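Reading through the structure tokens given below for one structure.
This chain uses plain numbering: 1 for the first residue, then up along the sequence. It should be emphasised that the depicted structure is a prediction, and the values quoted were computed from it without experimental measurement. Counting starts at 1 for both ligands and their atoms, in listed order.
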Amino acid sequence: MSETTETTYKPTSPNSKLDFASVWEYDPAPESTANVKVKERYELFIDGKFVKPSKGRYFPSTNPATKEVITEFAEATQNDIDQAVKAARKAFKNEWSSLSGKTRGKYLYRIARMLQERAREFAILESMDGGKPIRESRDVDIPLVAAHFFYYAGWADKLEYAFPGKTPEPIGVCGQIIPWNFPLLMLAWKIAPALACGNTVVLKPAETTSLTALKFAELVQDAGLPSGVVNIVTGAGQTGAEIVNHKDIDKIAFTGSTGVGKLIQKSIAGTGKKFTLELGGKGAMIIFEDAPVDQAVEGIINAIFFNQGHVCCAGSRLLVQEGIVDQVIRKLQDRMEMLIVGDPLDKNTDVGAINSEAQFETVNKYLQIGLDEGADVYQSKCEIPENGYFIRPTLLTNVAQSNRVVQEEIFGPVLTVQTFRTADEAITKANNTQYGLAGGVWTDKGSKIFKVGAGLRSGVVWANTYNKFDPTSPFGGYKESGVGREGGLHGLAAYVNLR
Ligand code: ADP
């Protein structure tokens, strides 16, 4: 935008929605679901077969954009978890751990290729079950899922080179518990390195997004993976707890809330089980006055709104250097007005549905807390569907560092805005939460990137961008954001014992 346009910019008035609509409205472009088959009910995947849950209980799964029940999943209880662990142990002992790395790699490459072949189907299912825009599941989630399997397939026959001077050995049976924000991607983060290193797994997807994990189980069957190497059990928190407490599990890998992470750490204390925990976050994005502001605004929109803020490393706090705060807020509001909120299966949609009723209530609760704390609330004025769980992109300004909306993880499309004068102040404010998962810095100066990057107590710091992922990069948190790293060589190290 030229300087002239900049100075003649008029703030968005309450009635200007129509102006934006006339410029930005697209015709609907819904992705077809014609070739995607969802069964009425999914069983547990244990020892290479789909089996009924021992207590015969099932629970529904809802499309959060329509509130329609799309299928139901089996609830795994103690006996089922026991069967799954036994199958995983048998597969570990009798076959998988003693196969050559090359052969394990072949299976992983096969899975990666099959995921690519069925990418569109997985993307549609991910959007139907979890509410995320198809553009994101199609262009980000599923390609990254395949990339993780390719990457760790490549390591399977090179483990002896990964840890010079050490002999890596598989850990054994791994219990893996994942959340609902990136269902298949979190599965890939967990299963691909575990299998590459010779372990077997019992994985539990989140109760609101189990569909793609069970489709993945079908793919595992099609790939001819030996029975018991991958077991998928569905259920809610109690099912997860049964995995955590099972005596014959050697390692727990968990991604989810800090509260549950702490519970898990307590439960396994003293048992000798290994663990990695990837927990909550409250990522700060720091914009200096010398930053390319338009580029920064685009990055911020991407960092907090594109996946409804359903990202543990989401940039949910914005720290703007004082001199440009008005300009940044104006440009953000301007861009927010152009975001299309609605049907996750529409290819034009930027912001989809909040994942579940419970999460919808949580985000609304925090909006109320923000109001009570005295924040100024700006929401984009777009239409939202009446039926599903949708929340308009929201800015909270006039907030203080001690406010709950600044300190606590909201996990929704809500961005708080604060200001700073110096780099040291920005670093202090960014670090002043219980979390330390990710952060970002926008500036024209490499020296500031290094200063802020070194000062942030965050597992990841992005510079002049945000939310960029790659299977070769380790990911994980400081402080209450977690223990251990996933991805890259570090992610491999989390699945071996080194002798
Ligand atoms: P979120 O707030 O993101 O839903 P949770 O930590 O509640 O995060 O859930 C993440 C995963 O942990 C889900 O698969 C959930 O079923 C599981 N889970 C919830 N409670 C427990 C528990 N007490 N023990 C083990 N797993 C749990």
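For ligand 1, the atoms closer than 4.0 angstrom to any heavy atom of G240 are 24 (N), 25 (C), 26 (N). Annotation for ligand 1: atoms under 4.0 Å from non-hydrogen atoms of K204 are 13 (C), 14 (O), 15 (C), 16 (O).
Shortest contact from atom 14 (O) of ligand 1 to any protein heavy atom: I178 O, 2.8 Å. At the shortest separation from atom 21 (C) of ligand 1 among protein heavy atoms lies V260 CG1, 3.4 Å. If you check which protein heavy atom lies closest to atom 6 (O) of ligand 1, you get S257 OG, 2.7 Å. Here the heavy atom of the protein found nearest to atom 24 (N) of ligand 1 is A241 N, 3.5 Å. Nearest protein neighbour of atom 12 (O) of ligand 1, counting heavy atoms only, is F254 CE1, 3.2 Å. The protein atom (non-hydrogen) at minimum distance from atom 17 (C) of ligand 1 is I177 CG2, 3.7 Å. Of all protein heavy atoms, the one lying nearest to atom 4 (O) of ligand 1 is W180 NE1, 2.9 Å. For atom 18 (N) of ligand 1, the nearest non-hydrogen atom of the protein is G237 CA, 3.7 Å.
Both the sub-6.0 Å distance and the 45° axial angle are not jointly satisfied by K479 relative to the ring of Y435. Taking the ring centre of F73 as origin, the terminal cationic atom of R41 falls outside the region bounded by 6.0 Å and 45° from the ring axis. Within the cation-pi definition used here (under 6.0 Å to the ring centroid, within 45° of the axis), K190 does not qualify as a partner of F254. In this structure, K132 forms no cation-pi arrangement with F306, as its terminal cationic atom is not both closer than 6.0 Å to the ring centre and no more than 45° off the ring axis.
Within a 4.0 Å radius of atom 26 (N) of ligand 1, the protein has at least one heavy atom.
The shortest N or O to N or O distance between E207 and ligand 1 is under 3.5 Å.
Note: F92 and W96 fail the aromatic proximity criterion, with ring centroids not under 6.0 Å apart. Residues W189 and F475 place their aromatic rings such that the two centres sit under 6.0 Å apart. F411 has its ring centre less than 6.0 Å from the ring centre of W180.
Evaluated for a salt bridge (charged side-chain N to carboxylate O under 4.0 Å, His left out) with E75, the options R57, K55, K52 yield exactly one hit, R57.
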E298 vs R335, salt bridge (Lys or Arg N to Asp or Glu O under 4.0 Å): CA-CA, chis, key distance, verdict: CA-CA 8 Å; E298 205 49 45; R335 183 69 179 88; 2.9 Å; yes

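Not close to ligand 1: F411, with no non-hydrogen atom less than 4.0 angstrom away.
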